[in-house]
Protein chains: 2
Amino acid sequence: MRHRLKDVAERAGVSVKTVSNVVNGYQHVRADTRARVEEAIAALNYRPNLSARNLRKGRTGVIALAVPELDIPYFAELARHVVTAAADQGWTVLIDQTGGGSEQERKAASGIGDHMIDGLILSPLALSADDLAALAGLPMVLLGERVDHGPADHVMIDNVAAAREVTAHLIGLGRRRIAAIGSQRTPEGASARLRLAGYTAALAEAGIAYDDRLVAPAPAWHRADGAAAVRNLVTSGVRPDAVFCFNDTLALGALRALHEMGLRVPEDVAVAGFDDIEDGRFSIPTLTTVAPDKERIARLAVELLAGRLGPDRDSPPRELVAPHHLALRESAPL
Amino acid sequence: MRHRLKDVAERAGVSVKTVSNVVNGYQHVRADTRARVEEAIAALNYRPNLSARNLRKGRTGVIALAVPELDIPYFAELARHVVTAAADQGWTVLIDQTGGGSEQERKAASGIGDHMIDGLILSPLALSADDLAALAGLPMVLLGERVDHGPADHVMIDNVAAAREVTAHLIGLGRRRIAAIGSQRTPEGASARLRLAGYTAALAEAGIAYDDRLVAPAPAWHRADGAAAVRNLVTSGVRPDAVFCFNDTLALGALRALHEMGLRVPEDVAVAGFDDIEDGRFSIPTLTTVAPDKERIARLAVELLAGRLGPDRDSPPRELVAPHHLALRESAPL
DNA sequence: ACGAGCGCTTACAACGTTGTAGAAACCAGT
DNA sequence: ACTGGTTTCTACAACGTTGTAAGCGCTCGT
């Protein structure tokens, strides 16, 4: 059923290597020989055995993408773009779910299918720069905010600026009691820290006093956490007139909780998120959010990895910043 | 930097095969030999080369999951469960995005990374049973409704029953003008056909006349399609008092469109979906839906595939039906 | 017609691993 | 010490591919 070069060679009456040459597009093969070989390949439905090829070449043509959770829309959308960008390089993407745990992430980084993958695009939550440095084995590109100036290539957006812009937009709407949802004190909370920094910067610029009762922590960034945070804020008597959620799923949860408590969005409370996931374009109301250029992020990551596997093998780590913009929708309109 | 069995063997003063035996947990290795080898493995940070192992064993420990689109929440959630279930078997999952195109699906089925994967879990949209039969090369498990009694193992839920139940629920709420959104006449529309059949069956049981103006096609099953279908229905003067959407993203789009047109859910129009995606638990209003047991579907698929790779290699194709239930929420409450 | 040169093809070895078969070492029990 | 059996270890070959280097045969210029 499954044939090898040898079978094709016998059928075409040539050597194994000649078939290999045809398969690999080697130039110096006589036209009629090539035709005969190709006929045999077609007849036997020959497919190269990649394990063998990899063993020989030391390359697999497979890269891994490791994200915390696949069913978080942001990562799913990102994954789609990475798969597409990788296809342009002729790569297949093996997707790994780390669950955000450091052990899982370490496992991913130290070589999922050891030698099965040529490189890794990792979106780390739990691992620190030091952890990662210890895992230098595999060519790696990091996504997101976790590790700045780490030991590996790195693609991110300017979180502080983005958070500042979206907060300034809420201020521009005349809101003064702006809550921030999603703060985290753990070392994992690098994104949270940056976005919080942007938030406070915008407040400072507008001369609004920082009130830490308006800053709500969220252990994870799921819808349920956003909803819980809003309920806490409102029932504890802090009356925000706007909410900046550190990602869109938090914001969708917040919308839900506000609705349940009879508060109107945006009239009573304006809401803004971060990530621009598809859901936010159809929620009720639609969601104002920071829109990172995911397609660009994915493409940059893949290109950086391609560099690492090729000419830039030993160049110093690079940090690339992808653009973002504000998507103004109903929850905090223009 | 990267070491081989041979390096470990030299350091431990044993043969290559003994190291291999230690790595593979072979029983008959003297305790002190084993200790010496393990010390050497640790010292050199040895990792087996999977390409070589695969070449030798003919197995890769990698299976592929091919779905139409990763950023459709249903598939993302399913993917998460498949990855988890596969991990229990010691497998890694390579995720492939077919985009629902027949060419892509064929490519996936005929061997993504030829010889790189041991088996395939495919959620086909475009391929027919005949197409698939031609691709018998790879052990395969199909998900969903596309191909009944096809040439491969198959996991699904009882779509007709589920659609009948949810429609009956809407009827039970006193609704009589129940729209169905998502019908498709193309061969790709197998799920659509089954769900439509359940819908009509429920109408018939309740003695409600079928009105084909209430049945709206949807080219794809995205939020935008659901929104467009509802707008069409309402502006064309058909006044439904309930809408059964053939999946949840359609339903979320429908909620949005109804909201935009000033219709209240569920008071004016009740809405039900299909899939029980996370979004539907936080939408405004929350979404009544058919909840397939995704975790079970994933586990069954992985187990079937494990069978195919093992003892049941040549047993006839099996069809397994996973359970589902109705999740009653605000959009069409009890 | 002959050798140089080139185009085309091939044999061989190697990539790192494991299955097979058998050798060597060990352990009683006589 | 010797046998028979078991445990522990090893040499060798093979998985399917491609790089190397060399071989063959053709063309062409003289």
Side-chain angles (χ1 to χ4, degrees), chain A residues 1-41 44-62 90 111 113-118 137-138, chain B residues 1-41 44-62 90 111 113-118 137-138:
Chain A
M1 188 62 230
R2 215 101 216 206
H3 299 279
R4 306 155 303 167
L5 281 182
K6 193 170 166 227
D7 303 315
V8 178
E10 275 164 14
R11 190 174 218 274
V14 296
S15 81
V16 172
K17 188 66 217 290
T18 298
V19 181
S20 168
N21 287 338
V22 169
V23 170
N24 291 283
Y26 180 66
Q27 295 227 334
H28 300 298
V29 179
R30 235 172 37 220
D32 63 321
T33 313
R34 158 164 286 138
R36 238 173 35 252
V37 170
E38 276 168 351
E39 184 277 330
I41 287 176
L44 297 178
N45 188 30
Y46 165 77
R47 304 296 179 123
N49 179 322
L50 291 202
S51 283
R53 178 178 288 176
N54 299 340
L55 174 59
R56 189 57 237 238
K57 302 236 252 197
R59 282 285 183 86
T60 66
V62 177
D114 299 86
H115 297 263
M116 285 287 283
I117 59 178
D118 295 340
L138 201 59
Chain B
M1 186 63 229
R2 216 102 217 206
H3 299 280
R4 308 154 301 164
L5 282 182
K6 193 169 165 230
D7 304 315
V8 178
E10 275 165 12
R11 189 173 217 276
V14 296
S15 80
V16 172
K17 189 64 218 291
T18 298
V19 181
S20 168
N21 287 338
V22 170
V23 170
N24 291 284
Y26 179 67
Q27 295 225 334
H28 301 297
V29 179
R30 236 171 37 219
D32 63 319
T33 315
R34 160 160 302 168
R36 238 174 36 251
V37 170
E38 276 168 351
E39 184 278 329
I41 288 176
L44 297 178
N45 188 29
Y46 165 77
R47 305 295 179 124
N49 179 322
L50 292 200
S51 283
R53 178 178 287 175
N54 299 339
L55 174 60
R56 187 58 237 242
K57 301 236 251 196
R59 282 285 183 84
T60 67
V62 177
D114 302 84
H115 296 263
M116 284 288 282
I117 60 178
D118 295 339
L138 202 59

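Sequence lines set the chain letters: A, B, ... in the order given, protein chains first and strands last, and positions in each chain run from 1.
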Going by the rule salt bridge (Lys or Arg N to Asp or Glu O under 4.0 Å), which residues pair with B:Arg4 if we only count those two or more places apart in sequence or in a different chain?
B:Asp7
Counting only side-chain nitrogens and oxygens, does B:Ser20 get under 4.0 Å of the OP1 or OP2 atom of C:dT18?
yes
Listing time: all N or O pairs from protein to nucleotides 21-25 of chain D that are below 3.5 Å?
none

Distance, rounded to the nearest Å, where B:Leu50 contributes CG and C:dC15 contributes P:
18 Å
Once you round it to whole Å, what is the distance between P of C:dA11 and CG of A:Leu5?
14 Å
Could you work out, with side chain to side chain contact (heavy atoms under 4.5 Å, CB included) as the rule, every residue matching A:Glu10, not counting sequence neighbours?
A:Lys6
Any side-chain N or O of A:Arg53 below 4.0 angstrom from OP1/OP2 of D:dG16?
no
Nearest heavy-atom contact between A:Val37 and A:Val8 is O-CG1, 4.1 Å
For a quick test of your reading: what N or O donor-acceptor pairs under 3.5 Å do the side chains of residues 12-21 of chain B make, sequence neighbours left out?
{"residue": "B:Ser15", "atom": "OG", "partner": "B:Lys17", "partner atom": "N", "Å": "3.3"}
{"residue": "B:Ser15", "atom": "OG", "partner": "B:Thr18", "partner atom": "N", "Å": "3.2"}
{"residue": "B:Ser15", "atom": "OG", "partner": "B:Thr18", "partner atom": "OG1", "Å": "3.2"}
{"residue": "B:Lys17", "atom": "NZ", "partner": "B:Asn21", "partner atom": "OD1", "Å": "3.3"}
{"residue": "B:Ser20", "atom": "OG", "partner": "B:Asn24", "partner atom": "ND2", "Å": "3.4"}
{"residue": "B:Asn21", "atom": "ND2", "partner": "B:Lys17", "partner atom": "O", "Å": "3.4"}

Rounding to a whole Å, what distance do you find between B:Asn54:CG and D:dG16:P?
13 Å
In whole angstrom, give the distance that lies between atom CG of B:Asp7 and atom P of C:dG16.
9 Å
Specify the separation, in whole Å, of atom NZ of A:Lys57 and atom C1' of D:dG19.
10 Å
Net bend of the helix from C:dA1-D:dT30 to C:dT30-D:dA1, end axes of five pairs each, nearest 10 degrees:
50°
Rounded to the nearest 0.5 Å, how far apart are CG of B:Asn49 and CZ of B:Arg53?
9.0 Å
Between P on D:dG19 and CZ on A:Arg59, what's the gap in Å once rounded to a whole number?
13 Å
Can you tell me how far OG1 of B:Thr60 sits from CG of B:Leu50, rounded to the nearest 0.5 angstrom?
9.0 Å
Treating primed atoms plus P, OP1 and OP2 as sugar-phosphate and everything else as base, which nucleotides of nucleotides 5-13 of chain D get B, S or - for protein heavy atoms under 4.0 Å?
---BSBB-B
Donor-acceptor check, side chain of B:Asn54 to backbone of A:Ser51, threshold 3.5 angstrom: yes or no?
no
Could you tell me the separation between the CZ atom of A:Arg47 and the P atom of D:dT17, rounded to a whole number of Å?
13 Å
Got a second to check how far A:Arg34's CZ is from A:Arg30's CZ, nearest 0.5 Å?
12.0 Å
List for me each residue that meets side chain to side chain donor-acceptor pair (under 3.5 Å) alongside B:Arg59, sequence neighbours excluded, and say none if there are none.
none
Side chain to side chain contact (heavy atoms under 4.5 Å, CB included) filter on A:Arg56, not counting sequence neighbours, yields none
Within this structure, what is the CZ-to-C1' distance between A:Arg4 and D:dT18, rounded to whole angstrom?
16 Å
Test salt bridge (Lys or Arg N to Asp or Glu O under 4.0 Å) applied to A:Arg11 - qualifying residues, sequence neighbours left out
A:Glu39
